[in-house]
Amino acid sequence: MAVHSGVRGLVGAIILILGCANFTMAVEMLNVSYDPTREFYEAFNKAFIADWKAKTGETVIINQSHGGSGKQARSVIDGLEADVVTLALAYDIDAIAAKTQWMPPDWQKRLPNNSCPYTSTIVFLVRKGNPKLIKDWGDLVKPGIEVIMPNPKTSGGARWIYLAAWAFAREKFTGDEQKIRAFMAVLFKNVPVLDSGARGSTTTFVQRGIGDVLLTWENEAFLAMEKMKGSPMEIAVPSFSIRAEPPVALIEKMAEKHTTQALAKAYLDHLYSDTGQELAARYFYRPSSPAIAAKHADRFVNVKMCTIDGDFGGWAQAQKIHFDDGGTFDQLYQPGK
Amino acid sequence: MCPAKATSVKQSATSDPWWTRFVLISIALAFLCAFLILPLLLVFSQALAEGISAYFRALKDPDAIAAIKLTLLVAMAAVPLNTLFGIAVAWSVAKFHFPGKGLVVTIIDLPLSVSPVISGLIYMLLFGAQGYIGPWLIEHNIRIIFALPGIILVTLFVTVPYVARELIPLMQEQGSEEEEAALLLGAGGWRTFFQITLPNIKWGLLYGVIQCNARAMGEFGAVSVVSGHIRGKTNTLPLQVEILYNEYSFAAAFAVASLLAFLALVTLVVKQFIEWQARRREDRAQQEHQA
């Protein structure tokens with residue numbers, strides 16, 4: 001059995017060598033983000049790197065990781081050493097703060113606008129000419145309509161969608177819980193597949209041609225139209241939606257460990273700068289700066305929106321009532337029925 | 001049935017009428033075409049959908065090159081280690097008696113029966129920041145999960161069985177007489193290994209190694225759990241394919257996928273060659289025996 005221990009020793013040695021080889025000289029930081037921000041951060045990072053170089057003379061590398069928002073938060077909790085996180089909803093960052101103590105619980109108060117440099121909303125993407133005449137939430141529960149959306153358990157976007165639909169039903173049925181639940185149940189009967197992330201749903205709808213309507217982020221809908229000129233689609237803005245707030249935050253403990261505090265802080269601040277805000281608008285996010293939002297007002301339809309804090313008592317409560325195990329989503333969604 | 005045909009050796013093995021054979025063979029071939037060959041061809045046609053220059057541009061993208069490098073590096077670490085391990089285990093199981101031998105053979109198969117996602121999560125529980133030794137690792141600035149060591153570890157785990165499984169039956173069948181003779185004649189342990197054991201198992205070993213390599217380069221699930229998906233850093237080829245696909249770069253996704261498909265083809269060809277070699281050797285041995 002001598003060979004065995006030899007092999008084990010070798011494995012150990014290699015792990016140690018590779019583990020140590022991670023130290024690099026160039027300053028790097030990691031932004032762990034959610035699914036539909038890939039294109040935006042690719043452009044933003046370029047702008048920020050140039051800006052930082054002009055200000056400090058230092059060349060930095062910004063690494064990116066993308067995935068479903070809940071999954072990404074889990075990875076950070078498990079040790080993916082993010083200097084900053086830019087996720088789909090505050091609850092996922094709350095989870096990081098609660099499980100790791102790597103950042104203060106009141107992280108959301110540290111940056112303007114609830115730590116949301118840009119916002120978005122939920123819209124419908126339909127086939128060109130809107131052949132099934134899907135214009136509002138009420139049209140989604142008609143028989144024979146196939147609705148594509150991601151899974152609220154894993155996708156941040158899907159949780160915004162779910163709450164928007166819930167808020168619409170609450171207003172329509174003036175708070176009658178029975179009728180709201182019936183509406184949601186019928187809506188989910190019309191959903192043939194729940195992908196794990198927003199981008200997965202977009203490919204299901206656009207590339208695989210499944211479904212009559214895709215419920216998604218406004219920015220994701222615009223981007224899909226821009227990228228996929230081959231498959232004709234159009235956006236239908238419902239009469240009522242939700243103000244989707246994807247926040248950003250510094251993971252203090254990790255930035256401290258990497259000695260990137262100044263860099264990471266400047267990175268987040270840059271999101272609020274005119275350059276950052278212009279880029280956000282360019283990638284179809286609604287800028288938080290009123291001046292830049294006004295410049296792009298023609299792009300974003302004015303729609304009546306509910307908010308997570310105003311209408312659902314904040315994320316902690318919404319998560320508990322709707323998305324935790326046994327919540328309303330679990331009660332209402334019965335696959336294959 | 002035609003009497004002339006019935007006399008041939010191969011024919012006598014079956015007495016099914018011609019149409020039964022025809023239908024069965026047709027079904028088998030149609031199935032193969034529909035589920036194996038057609039998708040494979042689709043990969044290549046999609047990869048070239050935007051032309052040959054777009055194909056090479058996709059492969060020359062820095063993130064794609066990083067993914068190729070990482071995949072090769074992971075295979076270069078995992079395959080030799082598992083080859084050593086496979087030989088060692090097969091040797092001990094086939095040539096020695098020790099308590100718990102059956103258990104060892106069973107445990108080697110574990111990675112094949114466990115879902116790759118679980119394989120990834122096992123390492124997460126061990127090395128993750130909330131895991132058993134994760135906090136200590138963070139303190140000492142050693143990165144395992146979401147870095148190269150973690151990717152190599154899970155790849156090692158999922159590819160453990162391939163070499164060992166190939167060698168155990170082979171070495172058991174061969175027994176230890178030849179080695180014993182060599183030792184009696186005064187050869188040392190290493191010499192016995194290199195001059196007797198290794199030549200006897202070389203084709204089986206090679207077969208195990210290429211299978212191990214194919215899996216090491218193609219593993220998705222387990223690697224996805226521990227990768228962290230940092231672009232240009234911790235994405236292997238299969239993960240890069242998924243990313244490109246999700247970024248609406250379909251031709252680029254299939255261009256990278258075609259590398260993996262190409263690897264599969266090479267694996268098949270080498271496998272065929274090895275089987276052909278083994279058959280030839282068997283025939284020769286039989287002829288010598290008869291002579």
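It should be emphasised that the depicted structure is a prediction, and the values quoted were computed from it without experimental measurement. Chain letters run A, B, ... following the sequence lines, proteins first and then strands; every chain starts at 1.
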Is there a side-chain contact between B:Gln130 and A:Arg74 (heavy atoms, below 4.5 Å)?
yes

Under the 3.5 angstrom rule, does the side chain of A:Gln64 hit a backbone N or O of B:Ile230 as a donor-acceptor pair?
no

Honestly, the part of A:Lys99 sitting under 4.5 Å from a heavy atom of chain B is backbone

Neighbour count >12 (heavy atoms, 6.0 Å) for atom CD, B:Glu50
no

Between the CD atom in A:Gln207 and the OH atom in B:Tyr248, the distance rounded to the nearest 0.5 Å is 10.0 Å

When rounded to the nearest 0.5 angstrom, what is the spacing between CZ in A:Arg199 and CD in B:Glu242?
12.0 Å

What do you reckon, is CD of A:Glu42 surrounded by more than 12 foreign heavy atoms closer than 6.0 Å?
no

Side chain from CB out, backbone as N, CA, C, O: work out which of these in A:Ala224 comes under 4.5 Å of a heavy atom of chain B, or both, or neither.
both

For B:Asn246 and A:Arg38, the nearest pair of non-hydrogen atoms, with its separation, is CB-NH2, 3.9 Å

Is B:Lys233 salt-bridged to A:Glu28, cutoff N-O under 4.0 Å?
yes

Among B:Pro135, B:Gly131, B:Gly228, B:Ala129, who wins on heavy-atom pairs under 4.5 Å with chain A?
B:Ala129

Chain A contact via B:Phe96 - which portion, at a heavy-atom distance below 4.5 Å
neither

Can you say whether B:Ile243 sits under 4.5 Å from chain A via the side chain, the backbone, both, or neither, judging by heavy atoms?
both

Sub-4.5 Å side-chain heavy-atom contact between A:Lys227 and B:Glu247
no

Residue part contacting chain B, namely of A:Thr203, when any heavy atom lies under 4.5 Å:
side chain

When rounded to the nearest 0.5 Å, the distance separating NE2 of B:His229 from CG of A:Leu80 is 9.0 Å

For A:Glu81 against B:Ile138, the heavy-atom pair lying closest together:
OE2-CG1, 4.4 Å

Under 4.5 Å heavy-atom distance to chain B, tell me which part of A:Leu30 shows up: side chain, backbone, both or neither.
side chain

Between A:Asn63 and B:Arg231 the two heavy atoms that sit nearest each other are OD1-O, 4.4 Å

Contacts table for residues 147-162 of chain B: side-chain donor-acceptor under 3.5 angstrom, sequence neighbours left out:
unit_1: B:Thr155; atom_1: OG1; unit_2: B:Ile151; atom_2: O; d: 2.6
unit_1: B:Thr159; atom_1: OG1; unit_2: B:Asn82; atom_2: ND2; d: 2.7
unit_1: B:Thr159; atom_1: OG1; unit_2: B:Thr155; atom_2: O; d: 2.7
unit_1: B:Thr159; atom_1: OG1; unit_2: B:Leu156; atom_2: O; d: 3.4
unit_1: B:Tyr162; atom_1: OH; unit_2: B:Arg215; atom_2: NH1; d: 2.9

Please check if the number of heavy atoms outside B:Lys101 that lie under 6.0 Å from its NZ is greater than 12.
yes

